[in-house]
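What follows is a single structure, written as structure tokens, with notes after it.
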Amino acid sequence: MRFKWFQNKLTFVIIPEANESVMRVKISRAVVYAALLAVLLLTGTAVYVYVIHFHTVVATQMTESKQQAHRSRLEQDLTSKNKTIEQLQNEIFQLSKQAVEVRTKVEEMKQLENELKKLTPANNTLSMGSAKETVAPLAEGGMGGPAHPVTTQQMRVLVKQTHESYSSLQQELTELQNQWVQSKQTLLEKRELALRTPGLWPTSSRTVTSPFGYRKDPITTKLSFHRGIDIAGKMNDPVLAAAKGTAITVGFDKFHGHHIVLEHGGGLRTWYMHLNESLVQQGDAVERGQQIGKLGSTGRSTGPHLHYEILQNGKSTDPKPFLPDL
Ligand SMILES: [Zn+2]
């Protein structure tokens with residue numbers, strides 16, 4: 001029955017125009033359904049292909065969009081990094097310029113140190129750092145010329161030169177520092193030596209009544225050797241230490257009266273005699289110019305005066321070269 005249904009034919013009537021004869025086309029049902037099925041299959045396939053294509057296009061567009069965003073980010077990164085590199089290059093350039101300026105300052109400091117050493121008397125033993133040629137600083141003003149972008153190799157050379165320049169500066173500054181420490185030490189030693197060298201009048205009076213050397217003794221009137229100088233003054237006038245030192249003797253006897261011996265180091269001693277009173281005790285440290293006693297006439301003396309004596313390595317020497325000019 002079913003098979004028979006498939007065998008039935010469908011009749012299609014085609015009417016072209018009103019005056020033309022009608023056409024009849026008979027087609028079996030099977031053929032019609034087969035054709036319909038074919039059309040459905042074709043349509044389905046077309047839809048499927050279209051959907052697949054659509055998906056592919058969308059996916060491709062999304063991928064491209066992502067890639068575009070990624071590229072954009074990379075370009076931004078690259079721009080940012082290029083800017084950073086440019087900044088760093090500028091900073092290196094500035095550093096290299098500063099190194100030149102610092103070197104100029106160091107050379108000026110060396111020059112100054114040499115001049116200071118020349119001002120210090122009797123200082124030939126110290127070795128002085130040889131001052132290198134001073135680098136002239138760049139003058140301000142107009143500049144020009146074609147721009148040539150700096151190459152990586154040039155930047156490397158500049159970085160290397162700057163690094164070397166700072167290393168060398170560091171070394172030179174250390175040497176300079178050592179020289180200054182040495183100079184300071186030398187100056188302190190010289191200052192200490194100057195303070196410990198008799199260089200003051202021990203009294204306010206400048207009246208020398210008896211110089212160093214041979215003389216007629218004021219008491220016996222016989223020729224004798226005067227080992228110091230006598231400076232006349234008023235009773236209880238201050239007697240000052242002629243230099244920094246230590247009181248190694250503070251005593252009294254019938255010849256020297258009240259007397260003080262100061263030890264100054266370097267084989268130098270000063271001796272103050274006939275004092276009315278001593279104001280220091282044995283072992284006291286005294287400063288240059290400090291009052292150590294009062295002028296008097298104790299011991300073997302004919303009147304108020306100070307016998308001032310200088311001993312060099314135990315031997316009396318003329319105090320005159322150790323006294324400032326009047
Ligand atoms: Zn005397």
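Small disclaimer: the values here were computed from a predicted structure and weren't measured. Order of appearance sets the numbers: ligands from 1, and atoms from 1 within every ligand. Excluded from the calculations below are hydrogen atoms, water molecules and symmetry mates; all remaining heavy atoms, backbone and side chain alike, are included.
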> According to the salt bridge (Lys or Arg N to Asp or Glu O under 4.0 Å) rule, which pairs have a member within residues 207-229, sequence neighbours left out?
Replying inline: R215-D230, D217-R300
>> Nearest 0.5 angstrom please: I292 CD1 to E277 CD, how far?
In response: 12.5 Å
> Pairs in or reaching into residues 243-261: which pass salt bridge (Lys or Arg N to Asp or Glu O under 4.0 Å), with residues at least two apart or in two chains?
Replying inline: E192-K244
> In Å, rounded to the nearest 0.5 Å, how long is the span from CG of L200 to CD of Q290?
Replying inline: 12.0 Å
>> With ring pair (Phe, Tyr, Trp, His ring centres under 6.0 Å) as the rule and sequence neighbours excluded, what pairs involving residues 146-168 come up?
In response: none
> What are the protein N, O or S atoms, given as residue plus atom name, that sit under 2.8 Å from the Zn ion (ligand 1)?
Replying inline: H226 NE2, D230 OD1, H307 ND1
> Among E172, E164, Q171, which residue meets the side chain to side chain donor-acceptor pair (under 3.5 Å) test with S168?
Replying inline: E172
